[in-house]
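I have placed the structure first, in the form of structure tokens, so that the comments after it can refer back to it.
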Amino acid sequence: MRDFRMRNQVDKPITLSNLDNKVTLVSFFSTRDTRVAPHLARILLKVQRTFARSDSGLHILSITTDPAYDTIGALKAYADHYDTNHDIWWFLRGAPGEASDIAATDFHVKLDRSDTTSAPYTSTLVLLDKRNYVRGYYDVTDSASMTRCVTAISMLMLEPRKATQ
């Protein structure tokens, strides 16, 4: 994944260096999407809770594809609605088109259009290892896929950390 600079739901700047030595699960969504986003949030909340008690270093990134609507305040309200841990799960807002560009270029993920909003979304989660390499794609609407995702996260946590330079 190439470097980026976005702001999270508590208005903190986030870059690729914030993910060093972390296993990261990435999603693309819009708070206005009423079809996939609520299900996505509930599933990611379960993932967050699964790894919350361990010193796992897991991060979850939910990158909005609708930054014109999804202000920092809107992202914080959305995160608070789902009772997310702001230290583990970051709702990120970048420049217009940045999320779509990252999805297509860095992750080769196709974003779809919802009937309920013009903002694109995907039900595909992207799993990154501690070196920020893509290690898997998982469909949040498929329970077997999500079981494989949780197993993969657990296995990636066992890999050695990246050497500091």
Side-chain angles (χ1 to χ4, degrees), residues 1-11 14-16 18-19 22-51 58-86 88-129 132-153 156:
M1 181 176 184
R2 67 187 146 146
D3 201 7
F4 63 90
R5 184 172 182 83
M6 296 185 190
R7 299 193 83 75
N8 72 5
Q9 72 271 24
V10 294
D11 205 21
I14 303 296
T15 66
L16 188 62
N18 293 105
L19 305 177
K22 309 286 186 195
V23 174
T24 306
L25 196 54
V26 182
S27 66
F28 297 90
F29 84 114
S30 165
T31 63
R32 286 197 282 183
D33 174 34
T34 58
R35 191 174 133 223
V36 173
H39 179 68
L40 175 69
R42 286 189 297 274
I43 295 297
L44 289 175
L45 188 59
K46 288 180 183 179
V47 171
Q48 174 193 283
R49 288 179 178 157
T50 298
F51 294 98
L58 174 69
H59 271 306
I60 300 170
L61 304 183
S62 290
I63 303 172
T64 181
T65 58
D66 192 8
Y69 181 83
D70 289 337
T71 63
I72 298 299
L75 293 176
K76 178 144 185 339
Y78 195 81
D80 289 344
H81 173 77
Y82 287 99
D83 195 30
T84 65
N85 180 330
H86 297 297
I88 295 171
W89 189 350
W90 295 333
F91 291 79
L92 300 181
R93 180 178 186 267
E98 187 173 7
S100 297
D101 184 48
I102 289 171
T105 305
D106 293 16
F107 299 135
H108 307 288
V109 171
K110 181 182 178 289
L111 299 180
D112 296 315
R113 296 271 177 197
S114 171
D115 297 338
T116 60
T117 178
S118 62
Y121 71 93
T122 183
S123 62
T124 300
L125 300 176
V126 182
L127 181 61
L128 305 177
D129 66 15
N132 299 314
Y133 288 102
V134 174
R135 295 294 289 271
Y137 297 92
Y138 303 92
D139 183 351
V140 75
T141 64
D142 179 353
S143 61
S145 181
M146 289 310 302
T147 299
R148 288 190 304 275
C149 179
V150 169
T151 301
I153 291 169
L156 289 174

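Quick caveat, the model's predicted, so the values are computed rather than measured. Positions are given from 1, in the same order as the sequence printed here.
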Does a side-chain heavy-atom distance below 4.5 Å link [X] with [Y]?
{"X": "K22", "Y": "N132", "result": "no"}
{"X": "Y69", "Y": "T64", "result": "no"}
{"X": "Y121", "Y": "S30", "result": "no"}
{"X": "W90", "Y": "I60", "result": "no"}
{"X": "V140", "Y": "T124", "result": "no"}
{"X": "L19", "Y": "F4", "result": "yes"}
{"X": "W89", "Y": "L61", "result": "no"}
{"X": "L127", "Y": "Y137", "result": "no"}

Nearest non-hydrogen partners of L45 and Y82, listed with the distance
CD2-O, 3.2 Å

If you compare all heavy atoms of L92 against all heavy atoms of M6, which two are closest, and at what distance to 0.1 Å?
CB-SD, 3.7 Å

Verify salt bridge (charged side-chain N to carboxylate O under 4.0 Å, His left out) between R135 and D129, making sure each step is shown before the conclusion.
CA-CA 6 Å; R135 295 294 289 271; D129 66 15; 2.9 Å; yes

Go through the steps for T141 and S123 under the test side-chain hydrogen bond (donor to acceptor under 3.5 Å, both in side chains), then give the verdict.
CA-CA 7 Å; T141 64; S123 62; 4.5 Å; no

Partners meeting side chain to side chain contact (heavy atoms under 4.5 Å, CB included) with H81 (sequence neighbours left out):
none

Salt bridge check, D101 against R2: does any charged N sit closer than 4.0 Å to a carboxylate O?
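Looking at R2 and D101, the cut-off is met.
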
D3 with R5: basic N within carboxylate O range, under 4.0 Å:
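Salt bridge flag = no for R5 with D3.
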
Between H59 (side chain only) and T24 (backbone N and O only), is there a donor and an acceptor less than 3.5 Å apart?
no

Is a side-chain N or O of Q9 found less than 3.5 angstrom from the main chain of F91, in a donor-acceptor match?
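Yes, Q9 side chain to F91 backbone: donor-acceptor pair under 3.5 Å.
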
Does either side chain, that of H86 or that of D80, offer a donor lying less than 3.5 Å from an acceptor on the other one?
yes

